[in-house]
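I have placed the structure first, in the form of structure tokens, so that the comments after it can refer back to it.
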Amino acid sequence: MKIIASNFKTNHTRFSTKEYCTNLEGFLNNLKTSHQITIFPPSSALLENSFKHFKIGAQNAYFTKNGSFSGEIGEEQLEEFKIKTLLVGHSERREIFKEDQQMCAKKFQYFSALDYEIFYCIGEPLNIKKKGKEAILDYLLAQLDGICLDYSKLIIAYEPIWAIGTGISASLEEIELIHTNLKQKLGKIPLLYGGSVNANNIQEIIHLNNVDGALIGSASWKLENFCQILKNSQGV
Ligand code: 13P
């Protein structure tokens, strides 16, 4: 069993998300996969988390039930859709929206106390990658500050920033090296890889030692591509 998730980012409308998810449900009725699948639509397109073969998660939420936080959604808005899965710390939130480690940790702490499954993202920029393995690991471990690694519903996604949306994933050697080193710290916590995963490389990536699945952006936004990814990941 692997964990395979699609992050829609700022793509798809409510209408197209419904269509995508309805058709994905139909596809998975026939595929009979053992993988655990999650779809993260944008906030405006959240759907009730009531599909049989996959979960609906949110890409972001603020650490509040409700209140005066313009532009944010909180627990109450997720509860309406029975959503209990949340992405925290994606590099686009950290880099573009300047979410610091304290903010990521607060989100983790708030939603883990509510028993949410949390996909927590870490990943280094190119300038850190160039400094070598020890610098990369130091950077990644600092992104785990304030995160309780004993939390049973924690999933970590290693997404090197330089591989996101570029069409060029990290090499198999790079992925295995970082995952193997991270696993020494993470123990049994599932560890996903993300960054230009597609139908052509999914199988070799999720076969690697210490890779428990994939978090996929652009290659999953068209349903037919995501279905092909799921087909190609069978038998792992
Ligand atoms: P891409 O698959 O488009 O590289 O995006 C990865 C990602 O950021 C998933 O969260």
Side-chain angles (χ1 to χ4, degrees), residues 2-12 16-17 20-21 24 35-43 45-46 54-61 83 85-99 104 107-108 111 116-126 128-129 136 139-140 143-144 147 154-172 174-175 178-179 182 189-206 208 211-233:
K2 298 283 177 178
I3 299 168
I4 299 191
S6 164
N7 178 4
F8 279 12
K9 307 191 180 187
T10 316
N11 298 283
H12 280 289
S16 68
T17 301
Y20 184 111
C21 289
L24 178 61
H35 300 329
Q36 178 194 313
I37 299 164
T38 303
I39 304 293
F40 291 94
S43 304
L46 292 177
F54 57 93
K55 293 182 205 170
I56 298 286
Q59 295 173 24
N60 178 42
I83 288 173
T85 303
L86 182 64
L87 206 60
V88 173
H90 192 281
S91 62
E92 286 148 13
R93 302 245 24 116
R94 293 181 193 257
E95 300 280 309
I96 303 170
F97 301 104
K98 307 298 174 209
E99 278 191 21
C104 296
K107 290 182 174 184
F108 169 81
F111 285 100
Y116 275 62
E117 176 180 56
I118 296 179
F119 283 63
Y120 184 84
C121 303
I122 59 177
E124 84 284 359
L126 190 58
I128 300 292
K129 169 187 160 52
I136 296 173
Y139 189 92
L140 298 177
Q143 292 187 317
L144 294 169
I147 307 303
L154 172 61
I155 294 164
I156 294 182
Y158 168 55
E159 301 201 300
I161 297 174
W162 45 270
I164 293 180
T166 58
I168 302 167
S169 77
S171 71
L172 299 179
E174 284 166 332
I175 298 171
I178 298 300
H179 275 238
L182 282 174
I189 301 171
L191 182 58
L192 316 185
Y193 169 77
S196 297
V197 176
N198 57 44
N200 295 326
N201 62 20
I202 181 78
Q203 198 168 32
E204 48 190 15
I205 288 175
I206 59 175
L208 293 172
V211 175
D212 300 303
L215 178 55
I216 308 165
S218 37
S220 65
W221 297 339
K222 268 196 186 147
L223 179 66
E224 68 209 65
N225 292 347
F226 190 51
C227 290
Q228 192 62 50
I229 289 172
L230 293 171
K231 268 192 206 162
N232 293 0
S233 67

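Sequential numbering from 1 along the given sequence is applied to the chain's residues. Atoms within each ligand, like the ligands themselves, are counted from 1 in listed order.
Among all non-hydrogen protein atoms, the one lying nearest atom 3 (O) of ligand 1 is Ser218 OG, 2.5 Å. Scanning the protein for heavy atoms near atom 5 (O) of ligand 1, the closest one is Lys9 NZ, 3.2 Å. In terms of protein heavy-atom proximity, atom 2 (O) of ligand 1 is closest to Gly217 N, 2.9 Å.
For ligand 1, the polar-atom distance check finds an N/O of Asn7 within less than 3.5 Å of one of the ligand's N/O atoms.
Ser233 OG to Ile37 CD1: the interatomic distance, rounded to the nearest 0.5 Å, is 7.5 Å. Between the CD atom in Glu159 and the OG atom in Ser196 there is a gap of 10.0 Å [rounded to 0.5 Å]. From Phe111, atom CZ reaches atom CD of Glu117 across 14.0 Å, with rounding to the nearest 0.5 Å.
Listed by number with element, the atoms of ligand 1 under 4.0 angstrom from any heavy atom of Glu159 are 6 (C), 7 (C), 8 (O), 9 (C), 10 (O). Residue His90 has at least one heavy-atom neighbour below 4.0 Å for each of these atoms of ligand 1: 7 (C), 8 (O), 9 (C), 10 (O). Near Leu215, with a cut-off below 4.0 Å to any heavy atom, the atoms of ligand 1 are 9 (C), 10 (O). Set against the non-hydrogen atoms of Ser196, the atoms of ligand 1 under 4.0 Å away are 1 (P), 2 (O), 4 (O). Residue Gly165 approaches ligand 1 through these ligand atoms, each under 4.0 Å from one of its heavy atoms: 1 (P), 3 (O), 4 (O).
Within the 4.5 Å cutoff, no side-chain heavy atoms of Leu191 are placed close to those of Val211.
Judged by the shortest distance from any of its heavy atoms, Ala219 lies outside the 4.0 Å radius around the atoms of ligand 1.
Of all the heavy atoms of Ile164, the ones lying under 4.0 Å from any atom of ligand 1 are found in both the backbone and the side chain.
Contact between Cys104 and Val88 at its shortest, heavy atoms only, is O-CG1, 3.6 Å.
Test Phe226, Phe54, Phe40 against Ser6 for side chain to side chain contact (heavy atoms under 4.5 Å, CB included) and you get one pass: Phe226.
Salt-bridge annotation for Arg94 and Glu99: absent, with no side-chain N of the basic residue lying under 4.0 Å from a carboxylate O of the acidic one.
Looking only at atom types and distance, the side chain of Tyr158 has no donor-acceptor partner in the side chain of Gln143 under 3.5 Å away.
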